[in-house]
Participant: 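Sharing a structure, written as structure tokens. Questions coming.
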Amino acid sequence: MALNTIAAIVLTLFVTFNDVLAVTPSPGCGINQASGTVSHKTTVNGKQRLYITNVPTNYNSSSPHRLIFMFHGLGNSAAAVANGQQGFLPFMGLPPLANADSIGAISVAPDGLNSGWANSGGEDIAFVDQMIREIEASLCIDQNLRFSTGFSYGASMTYAIACARAKQFRGVAVVSGALLSGCTGKTDPIAYYGQHGTSDGTIPIASGKQLRDTFVALNGCTKQTTMDAAPGSGTLVKTQYQNCNKNFPVTWISFDGGHTSTPTTKGASKSFTPEESWAFFKQFT
Ligand SMILES: *[C@@H]1O[C@H](CO)[C@@H](O)[C@H](O)[C@H]1NC(C)=O
């Protein structure tokens, strides 16, 4: 093998490795910004769109942050997610956890057309691309640490992002989702967390498992049949898939409960969703 061929292979390996691990500061790093919650309007394919950002009080514009999108369910709104209404915790309960971490996070609640995420012709993915450009132009984000979560229709939108934008996002948390926003691409692995209630009467748990299994396969994990939490048990059953590509784990939680973004286990005063989804995201640095 020629020396330059070996050098090219070594360089390729190095670049591939670095793609995943290096901090890539966004253009907004170094620009001072006030903390707080702000609504933004933008136009995508001729339609006006809205999203709400939350910049933490301890925001440091020299330090690249995680960027976390949080998509609402059908009939909800960005405001419901931001304010913690209609069954949502404020920004899905993530800011207090993220802000206690040294990397920190910017939270984003986007607003769906007709209160949903039909993603017709990929227009909601185009909206995501535009939000990333706008947010990262003014805020300091590590471009290798973009995440998405969402509930119900918003979980389906998060799945659509996993399918179409696996290279732009580090990981997703799909909370009670189904195949409702499409799945173009489906070619690349992405770190995947899913949770679903065994008694979900709106979106059966089989739908959540179907989404999950797309990434069990793409991430190279060993397939397995997961246990469901028994109805009435007040428990959750958490499965870490084995033998996944180490950069792309899959975590799955089946819980005793229905269609909710804030399920609790028996005796718990708080939902496990924020801490479990945050534990999944924060492993990526
Ligand atoms: C802001 O972040 C930079 C880069 O990580 C760090 O050097 C600096 O000490 C931080 N400033 C404050 C006030 O924490």
Side-chain angles (χ1 to χ4, degrees), residues 11 13-42 51-71 78 81-84 89-110 128-150 158 161-162 165-173 188-193 245-249 251 270 273-285:
L11 186 66
L13 287 173
F14 180 75
V15 168
T16 306
F17 188 67
N18 246 15
D19 273 352
V20 173
L21 299 177
V23 175
T24 307
S26 65
C29 292
I31 303 172
N32 281 333
Q33 295 293 345
S35 59
T37 299
V38 178
S39 287
H40 308 261
K41 284 187 177 132
T42 191
Y51 61 96
I52 302 173
T53 51
N54 176 260
V55 176
T57 49
N58 59 355
Y59 179 66
N60 177 348
S61 67
S62 305
S63 178
H65 289 61
R66 293 182 177 90
L67 178 62
I68 310 178
F69 287 90
M70 303 162 187
F71 292 88
V81 172
N83 301 333
L89 291 166
F91 290 101
M92 296 188 77
L94 291 171
L97 299 168
N99 297 343
D101 182 83
S102 61
I103 298 179
I106 305 298
S107 304
V108 189
V128 169
D129 292 341
Q130 184 150 319
M131 285 187 283
I132 288 173
R133 277 193 300 275
E134 292 180 3
I135 291 164
E136 294 187 1
S138 60
L139 290 167
C140 191
I141 304 296
D142 181 346
Q143 296 180 317
N144 294 321
L145 294 179
R146 300 182 188 122
F147 300 89
S148 182
T149 185
T158 291
I161 288 172
R165 292 293 181 267
K167 289 196 165 110
Q168 287 75 26
F169 280 74
R170 187 68 189 82
V172 294
D188 299 306
I190 185 170
Y192 191 95
Y193 168 97
N245 176 321
K246 73 173 169 42
N247 289 315
F248 304 108
T251 299
K270 291 186 302 187
T273 308
E275 65 186 51
E276 290 290 348
S277 52
W278 173 247
F280 187 77
F281 289 164
K282 83 165 184 189
Q283 68 184 304
F284 308 110
T285 57

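Whatever order the structure lists ligands and atoms in, that order sets their numbers, starting from 1. Atom set for the values below is all heavy atoms of this structure, side chains included, hydrogens, waters and symmetry mates excluded.
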Participant: Do any pairs count as a salt bridge (Lys or Arg N to Asp or Glu O under 4.0 Å) and have a residue in residues 92-103, sequence neighbours left out, and if so which ones?
Facilitator: Arg66-Asp101

Participant: Gln33: which residues meet the side chain to side chain contact (heavy atoms under 4.5 Å, CB included) condition with it, sequence neighbours left out?
Facilitator: Ile31, Tyr59, Ser138, Leu139

Participant: Please name all residues satisfying ring-ring contact (aromatic ring centres under 6.0 Å, His included) with Phe280, sequence neighbours left out, ordered by chain then number.
Facilitator: Tyr193, Phe284

Participant: Identify the protein atoms, limited to N or O, that lie within less than 3.5 Å of an N or O atom of ligand 1, and list each pair with its distance to 0.1 Å.
Facilitator:
| unit_1 | atom_1 | unit_2 | atom_2 | d |
| --- | --- | --- | --- | --- |
| ligand 1 | 2 (O) | Asn60 | OD1 | 3.4 |
| ligand 1 | 2 (O) | Asn60 | ND2 | 2.3 |
| ligand 1 | 11 (N) | Asn60 | ND2 | 2.9 |

Participant: Going from CZ on Phe169 to OG1 on Thr158, what distance comes out if it is rounded to the nearest 0.5 angstrom?
Facilitator: 8.5 Å

Participant: Where is the tightest heavy-atom contact between Ala22 and Asp142, given as atom of each residue plus distance?
Facilitator: O-OD1, 4.2 Å

Participant: On a heavy-atom basis, which atom in Phe248 and which in Ile190 lie closest, and how many Å separate them?
Facilitator: CD2-CA, 3.6 Å

